[in-house]
Amino acid sequence: MQSVRDVTYQLLRELGLTTIFGNVGSTEETFLKNFPKDFRYVLAPQEASVIAIADAFAQATRRPALVNLHTTATANAMGNLATAFQNKTPLILTVGQQTREMLLMEPWLTDVEPTMLPRPWVKWAYEPVRPEDIPAAFMRAVATALQPPSGPVFLSLPLGDWEKPCESPAVVRTVSQRIAPDPSRLAEFAKILKGAKSPVLIYGAAIARGKGWDQAVAFAEALGAPVWAAPASERAPFPENHPLYSGGLPFAIQPLSKKLEGHDVALVIGAPVFRYYPYVPGPYLPAGLRLLHISDDPAETARAPIGDSLLGDAVLCLEGLKQLLGDCRPKATKARETLPHRMAPHGSGTAKAPGDGRLTAAHVFRALNEIRPANTILVEESPSNLADLHAAWPITKPDTFYTFASGILGWNLPAAVGITLAERDSGRNRPVITIIGDGSFQYSIQSLWTAAQLRLPILIVVPKNDEYCILKSFAVLEETPGVPGLDIPGFDVVSIAKGYGCDAARLDDLEAIKKAAAEAWSKSKPTVLEIPISAQVPPLI
Ligand SMILES: Cc1ncc(C[n+]2csc(CCOP(=O)(O)OP(=O)(O)O)c2C)c(N)n1
Ligand SMILES: [Mg+2]
């Protein structure tokens with residue numbers, strides 16, 4: 001007779017889920033016992049790192065990823081679980097539970113409310129009522145995670161269940177991952193766009209997730225409309241060197257509305273309406289602008305404060321709209337001549353800031369951009385320098401920019417690990433760089449160990465301003481002087497990185513930075529560069 005463990009591993013094998021990202025505890029050892037040779041276990045020594053490594057691995061492989069955490073210690077990963085949910089990443093999060101024999105007494109490590117713990121950041125949370133239901137629960141979990149909008153799911157698995165008999169083999173099922181739009185509604189949208197005098201397109205991360213760069217370009221060119229990236233887009237939806245590209249929209253109500261002035265129809269595809277951060281009141285849209293919205297997430301279409309929505313897959317809709325446009329002549333857009341171009345002039349001015357004599361972040365980013373191969377993958381969590389980074393580093397190839405959809409720090413360092421592992425597994429081996437603030441660097445620091453153990457050649461650049469700079473910018477905007485806890489002196493980034501097994505150096509000279517960066521990608525370990533930068537406080541918007 002087969003055991004629940006035998007049947008479950010066979011199912012995972014058939015589903016191609018043979019990598020388990022985890023941090024093990026006593027309640028998981030019965031599941032991991034006699035770990036099969038054809039499976040791989042990727043250990044990260046803290047739960048937050050595990051989730052984000054798996055999230056990015058899933059995104060980079062365009063497959064679900066399997067995670068195994070330790071009962072209620074899942075709480076350590078809540079920030080990155082919330083990010084995975086907002087990233088719409090299909091994650092199968094499993095955790096061990098105390099044995100059923102003792103659960104009633106709540107011994108150590110009991111997950112008292114297992115299906116409540118991960119909420120609201122999972123699509124489904126479940127603890128099977130019978131051990132033999134575990135394989136089918138896995139199958140349901142995978143189906144739920146993959147169907148739109150994709151996202152994390154959670155299974156709590158009592159530790160005594162794995163040796164129990166399981167009579168029947170697991171049933172393997174498949175589900176679809178794209179929702180086609182209502183044809184008549186799509187035709188309506190196409191008609192409105194055709195009739196527009198000056199349409200504008202706002203593209204979101206779902207286009208990148210759906211491998212839709214070519215369709216996004218073809219549609220924008222057919223319509224002849226300028227393209228903005230949705231505010232704080234976690235993936236780049238459009239080539240940033242394309243003549244129709246206008247930049248990233250600001251993440252506040254009034255400034256965003258201002259950028260759309262002069263247009264009569266705006267179409268948002270594959271993003272929320274809109275992802276805001278600071279509250280800068282004003283009209284959602286400029287006068288005379290009609291907003292159309294396409295997303296495959298009913299929660300996203302429901303919560304939009306304005307505009308008319310259509311449920312559907314971003315890329316299917318782009319293809320459908322392009323067809324419906326037929327031979328409509330491209331609008332004579334003024335985008336090419338008049339819209340501000342995001343790319344800053346190259347290398348001009350002094351590299352050192354006037355006050356503290358340190359390099360400016362902008363000069364560091366431009367220097368790095370000079371030496372990087374065109375297909376380099378950039379993973380970003382550098383809050384106060386984001387505008388400088390986007391200006392210095394145009395994304396011109398698909399799947400070469402990743403960040404979080406949530407603003408919850410601690411995702412990007414482990415994410416760079418997951419992406420680099422996926423690059424190596426797939427044989428694509430594109431270089432990976434993460435640029436991460438000295439504050440952000442601290443949240444999932446343990447992922448450095450995983451990167452070093454896996455011998456991943458990640459370049460990790462830490463612009464060190466010794467502060468939570470963006471919060472100082474926020475304090476200016478919100479008029480909240482005197483907030484404590486915004487300075488973070490005394491982190492020795494180099495020693496920390498070396499302690500986890502990485503190469504590391506503190507550099508304050510652009511030529512030395514370029515040389516060290518260029519060498520990093522041919523090593524068999526991660527390289528961390530600590531770069532003291534000027535502590536300027538830029539405006540938040
Ligand atoms: C997990 C988490 N904790 C706290 C915050 C609040 N927060 C937002 S930005 C920030 C500081 C970021 O500092 P750093 O990475 O050094 O970037 P800088 O602003 O200096 O460029 C903090 C603490 C957050 N977003 N996420
Ligand atoms: Mg900082």
Side-chain angles (χ1 to χ4, degrees), residues 46-52 55 74-87 121 232 234 251-252 275-279 353 355-356 358-365 368 378-393 403-416 433-448 460-478 480 483-494 496-497 506 508 528-541:
Q46 212 273 0
E47 289 71 20
S49 291
V50 178
I51 290 269
D55 175 345
T74 304
N76 284 346
M78 280 310 281
N80 279 341
L81 184 60
T83 297
F85 184 87
Q86 290 169 79
N87 285 348
W121 302 116
E234 67 273 28
F251 47 20
R275 182 172 290 147
Y276 298 122
Y277 174 36
Y279 181 50
D356 50 19
R358 288 177 167 199
L359 292 168
T360 65
H363 281 91
V364 175
F365 299 154
L368 290 168
L378 170 62
V379 187
E380 175 279 320
E381 188 170 300
S382 189
S384 68
N385 307 310
L386 186 55
D388 284 338
L389 183 56
H390 278 310
W393 191 294
T403 189
F404 45 33
S406 65
I408 300 168
L409 301 179
W411 187 82
N412 291 270
L413 184 59
I433 178 173
T434 177
I435 297 185
I436 182 155
D438 49 351
S440 304
F441 185 62
Q442 312 303 331
Y443 290 85
S444 301
I445 192 79
Q446 299 88 346
S447 54
L448 286 180
I460 298 154
V461 172
V462 183
K464 188 165 185 291
N465 52 13
D466 301 301
E467 59 181 358
Y468 288 161
C469 179
I470 194 171
L471 297 184
K472 294 186 178 178
S473 299
F474 207 92
V476 171
L477 186 92
E478 300 276 291
T480 55
V483 175
L486 301 185
D487 290 307
I488 50 166
F491 281 124
D492 181 346
V493 170
V494 171
I496 294 169
R506 183 175 300 114
D508 60 5
V528 178
L529 300 182
E530 173 188 333
I531 304 179
I533 57 151
S534 168
Q536 295 163 336
V537 179
L540 191 61
I541 305 213

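Order of listing sets the numbers, starting from 1, for every ligand and every atom in it. These figures come from a predicted structure and were not determined experimentally.
At a threshold of 4.0 Å, the pair K472-D487 counts as salt-bridged, since one of the basic side-chain nitrogens sits closer than that to a carboxylate oxygen. A salt bridge does not link K464 to D508: none of the charged nitrogens lies less than 4.0 Å from a carboxylate oxygen.
For ligand 1, the atoms lying closer than 4.0 Å to a non-hydrogen atom of C469 are 18 (P), 19 (O), 20 (O). Each of the atoms 9 (S), 19 (O) of ligand 1 lies under 4.0 Å from some heavy atom of I470.
In terms of protein heavy-atom proximity, atom 24 (C) of ligand 1 is nearest to L409 CG, 3.6 Å. Nearest protein heavy-atom neighbour of atom 17 (O) of ligand 1: P383 CD, 3.3 Å. Looking only at heavy atoms of the protein, atom 15 (O) of ligand 1 is closest to S440 OG, 2.6 Å. Protein heavy atom in closest approach to atom 13 (O) of ligand 1: Y468 CD2, 3.4 Å. Scanning the protein for heavy atoms near atom 14 (P) of ligand 1, the closest one is G439 N, 3.5 Å.
No side-chain heavy atom of P539 sits less than 4.5 Å from a side-chain heavy atom of V476. Between I433 and W393 there is a side-chain heavy-atom pair separated by less than 4.5 Å. Looking only at side-chain heavy atoms (C-beta outward), E381 and L409 come within less than 4.5 Å of each other.
Using the six-membered ring where Trp is involved, W121 and F85 have ring planes that are perpendicular, over 60° apart on the 30 and 60° scheme. Ring geometry for F251 versus Y277: interplanar angle over 60°, hence perpendicular rather than tilted (30 to 60°).
For the pair E530 (side chain) and V494 (backbone), a donor-acceptor distance under 3.5 Å is present. Side chain of S444 to backbone of G410: a donor-acceptor contact under 3.5 angstrom is found.
With distances taken over non-hydrogen atoms, the option nearest atom 16 (O) of ligand 1 out of D388, D438, I436, N80 is D438. Here the shortest heavy-atom distance to atom 18 (P) of ligand 1, taken over G437, S384, P463, belongs to S384.
Residue contacts with ligand 1 include G407, since one or more of its heavy atoms lies under 4.0 Å from the ligand.
The side chain of L471, and not its backbone, has at least one atom closer than 4.0 Å to an atom of ligand 1 (non-hydrogen atoms only; side chain from C-beta on). If you look at Y443 next to ligand 1, the close heavy atoms, those under 4.0 Å, all belong to the side chain.
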Worksheet item: Are N87 and D55 close enough, and set up right, to give a side-chain hydrogen bond (donor to acceptor under 3.5 Å, both in side chains), and what steps lead you there?
Response: CA-CA 8 Å; N87 285 348; D55 175 345; 3.0 Å; yes
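Of all N, O or S atoms in E467, the one lying closest to the Mg ion (ligand 2) is O.
Checked by distance only, ligand 1 and E381 stay at 3.5 Å or farther apart across all their nitrogen or oxygen atoms. Between N465 and ligand 1, at least one pair of N/O atoms sits closer than 3.5 Å.
In summary, Y468 places no N/O/S atom under 2.8 Å from the Mg ion (ligand 2), failing the contact criterion. At least one N/O/S atom of D438, from backbone or side chain, sits under 2.8 Å from the Mg ion (ligand 2).
For the atom pair E380 CD and I436 CD1, the distance stands at 9.0 Å (nearest 0.5 Å).
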